[in-house]
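Working notes, structure below.
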Amino acid sequence: MTHKLVLLPGDGIGPEVMAEVRKIIDWLSQNTQTDFDITEDDIGGAAYDRYGVPLDEGTLEKCRAADAVIMGAVGGPKWDHVDYTLRPEAGLLKLRKELDLFANLRPALVFDALIDASTLKPDIIRGLDIMIVRELTGGVYFGEPRGIEDLGNGERRGFNTQVYTTKEIRRIGRVAFELARKRGNKVCSAEKANVMESGKLWREEITKLHEEDYQDVMLTHMYADNCAMQLLRNPRQFDVIVTDNLFGDILSDEASMLTGSLGMLPSAALGAKKGQGLYEPVHGSAPDIAGQGKANPLATILSFSMALRYSLDEAALADHIEQAVQTVLNQGLRTADIMEQGCIELSTDAMGNALVKKLAEAISVV
Ligand code: NAD
């Protein structure tokens, strides 16, 4: 089985963390039945320097033809002077738009060894495993009309439109229900049906979809403000949370921060084309530590693991990688960002090597 992957390391610590993903891919290619056809290309500032644009058309074509795209991070002070439309971030936005990546998956998973990194009490978050599914291409961030208008006498009015169609709600709902079937089989849908018509439609459509195709999954509804509160009060009540673009932006940040560490957080964005997805760490290019061997590669490695699970149908390999991350952490191996007393501090490169070693121990070499 050969999987077609495009790797886009990007800027800052992007190439450093991607090099560790590459080590794992190379090891898997050499030692398991699974093979990878890898293309590397530039995105963001690196692409601007090479092609004059933050996402070249040729790169985009390669991404379209791939089973999954793995990205590092984009951006940095070097490109601060560049026109807004050519900024590194514009390349990432274009990629998301062109691949029609409408479903953002943000897991919040607490590793036992890092339980003290959270600001919440250990008893509240031990064993936490939530998946937030956020609609990414609709809602108030894109709705028309929008703008700022002059009302005269020094008054101005800013306005945006929250808008969702049946089709948009049903397709994100389907992603959530399908994911739940592979996890804890529970979906909580969050909106504000009490005060917003778009929320009322959201609730009706999710309920209808559930009745039609997903009665085996447990569905609950919650107002988004209550959901924000429940995430702090009793986060383990949730399995999959599905919500719109605006509420998802806030709830996914809140949920992921329950785990305490930016260097550990993966994410995925799934597209309309079946199986296709973009996988990237939640963190940015961290210019403050770039080139120093201090970056934690685990968020990007866990993003690759999500690609194995959600785009490449290789759940067993994903399990092995996630288990290897657990083992490395349990053994007290840490990068600087998650360092604790009594643990051993590793460089980016050494963390990648430690992980490959654990993988090799766990997977019987063919
Ligand atoms: P950042 O996530 O890059 O860094 C925030 C802090 O977390 C920094 O102190 C950094 O050193 C640390 N950090 C981040 N990732 C880490 C890792 N893997 N290991 C150890 N420490 C890590 O956010 P920022 O500083 O606000 O932004 C820097 C640049 O990244 C900006 O140009 C911004 O636009 C860009 N950015 C890109 C993305 C993306 O590519 N998806 C996301 C966010 C920010």
Side-chain angles (χ1 to χ4, degrees), residues 6-22 24 41-49 54-55 59 63 69-97 99 101 104-106 111 114 117 134 136 248-249 252-253 256-257 259-269 277-307 325 328-329 333-340 343 345-352 354-355:
V6 172
L7 307 185
L8 303 173
D11 310 318
I13 61 168
E16 296 168 55
V17 293
M18 192 62 80
E20 305 314 310
V21 172
R22 189 67 202 249
I24 291 176
D41 208 336
D42 289 317
I43 189 167
Y48 177 79
D49 290 348
L55 180 68
T59 313
C63 293
V69 179
I70 322 283
M71 202 195 81
V74 295
K78 183 178 174 195
W79 301 280
D80 278 353
H81 68 281
V82 173
D83 185 73
Y84 188 69
T85 56
L86 294 174
R87 284 270 177 93
E89 292 77 6
L92 176 57
L93 293 180
K94 183 173 174 189
L95 183 60
R96 286 179 181 156
K97 185 165 178 284
L99 296 185
L101 302 172
N104 186 207
L105 273 51
R106 290 264 300 262
F111 291 97
L114 297 183
R134 167 191 172 194
L136 203 56
D249 194 356
S252 64
D253 268 10
S256 61
M257 277 303 130
T259 70
S261 172
L262 202 51
M264 296 294 302
L265 296 170
S267 81
L278 170 68
Y279 297 84
E280 53 172 321
V282 169
H283 64 72
S285 60
D288 54 332
I289 57 164
Q292 299 173 31
K294 286 185 183 165
N296 184 346
L298 294 179
T300 316
I301 288 170
L302 289 169
S303 302
F304 170 60
S305 162
M306 286 183 84
V325 171
V328 163
L329 295 173
L333 305 178
R334 302 277 193 278
T335 42
D337 58 313
I338 50 172
M339 185 60 191
E340 286 172 276
C343 293
E345 189 173 322
L346 299 183
S347 66
T348 310
D349 174 61
M351 180 56 97
L355 211 64

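What you see is a predicted model; the values in this text were computed from it and never measured. Counting starts at 1 for both ligands and their atoms, in listed order. Keep in mind that the numbers below use all heavy atoms, side chains included, and drop hydrogens, waters and symmetry copies.
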Counting only heavy atoms on the protein side, is anything nearer than 4.0 Å to atom 25 (O) of ligand 1?
-> no
Would a search of protein heavy atoms around atom 7 (O) of ligand 1 find one under 4.0 Å away?
-> yes
With heavy atoms only and a cut-off of under 4.0 Å, state how Val17 meets ligand 1: side chain, backbone, both or neither.
->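 No part of Val17 is near ligand 1 at this cut-off.
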Ligand 1-proximal atoms of Ile13, by part, heavy-atom distance under 4.0 Å = side chain
When you measure from [atom] to each heavy atom in [options], which option holds the nearest one?
| atom | options | value |
| --- | --- | --- |
| atom 28 (C) of ligand 1 | Ala73, Gly45, Pro287 | Pro287 |
| atom 29 (C) of ligand 1 | Gly75, Ser285, Ala295 | Ser285 |
| atom 21 (N) of ligand 1 | Asn296, Leu262, Asp80, Ile289 | Ile289 |
| atom 41 (N) of ligand 1 | Met264, Glu280, Arg87 | Glu280 |
| atom 12 (C) of ligand 1 | Ala299, Ala336, Ala286 | Ala286 |

Can you check side chain to side chain contact (heavy atoms under 4.5 Å, CB included) on Ile70 and Glu280, steps first, answer last?
-> CA-CA 6 Å; Ile70 322 283; Glu280 53 172 321; over 6 Å; no
Identify the protein heavy atom lying closest to atom 33 (C) of ligand 1, giving its residue, its atom name and the separation to 0.1 Å.
->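 Scanning the protein heavy atoms, the shortest distance from atom 33 (C) of ligand 1 goes to Glu89 OE2, 3.7 Å.
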Which protein non-hydrogen atom lies closest to atom 11 (O) of ligand 1, naming both residue and atom, and how far is it?
-> Asp288 OD1, 2.9 Å
Is there a nitrogen or oxygen of [X] sitting under 3.5 Å from a nitrogen or oxygen of ligand 1?
| X | answer |
| --- | --- |
| Gly76 | yes |
| His283 | yes |
| Gly284 | yes |
| Val74 | yes |

Per-atom contacts of ligand 1 with Met71, taking only distances under 4.0 Å to non-hydrogen atoms |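 That gives atoms 40 (O) of ligand 1.
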Worked verdict on Val282 versus Ser252 for side chain to side chain contact (heavy atoms under 4.5 Å, CB included) | CA-CA 11 Å; Val282 169; Ser252 64; over 6 Å; no
Using the side chain to side chain contact (heavy atoms under 4.5 Å, CB included) rule, take Met264 and Thr259 through it: C-alpha gap first, then chi angles, then the decisive distance, then the call.
-> CA-CA 8 Å; Met264 296 294 302; Thr259 70; 5.6 Å; no
For residues Ile289 and Ile13, determine if any side-chain heavy atom of one lies less than 4.5 Å from a side-chain heavy atom of the other.
-> yes
Taking every non-hydrogen atom, the tightest pair across Glu89 and Gly75 =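 Nearest pair, atom of Glu89 first, then Gly75: OE2-CA, 3.8 Å.
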Note: Glu20 and Gly352 closest approach over all heavy atoms is OE1-CA, 3.2 Å
Please lay out, stage by stage, how Lys78 and Asp49 fare under the test salt bridge (Lys or Arg N to Asp or Glu O under 4.0 Å).
-> CA-CA 10 Å; Lys78 183 178 174 195; Asp49 290 348; 2.6 Å; yes
Show your reasoning for whether side chain to side chain contact (heavy atoms under 4.5 Å, CB included) applies to Leu355 and Leu298.
-> CA-CA 9 Å; Leu355 211 64; Leu298 294 179; 4.1 Å; yes
Side chains of Asp83 and Thr85: donor-acceptor distance under 3.5 Å anywhere?
-> yes
In sequence, state the C-alpha distance, the side-chain angles, and the governing distance for Lys294 and Asp337, and then conclude on salt bridge (Lys or Arg N to Asp or Glu O under 4.0 Å).
-> CA-CA 8 Å; Lys294 286 185 183 165; Asp337 58 313; over 6 Å; no
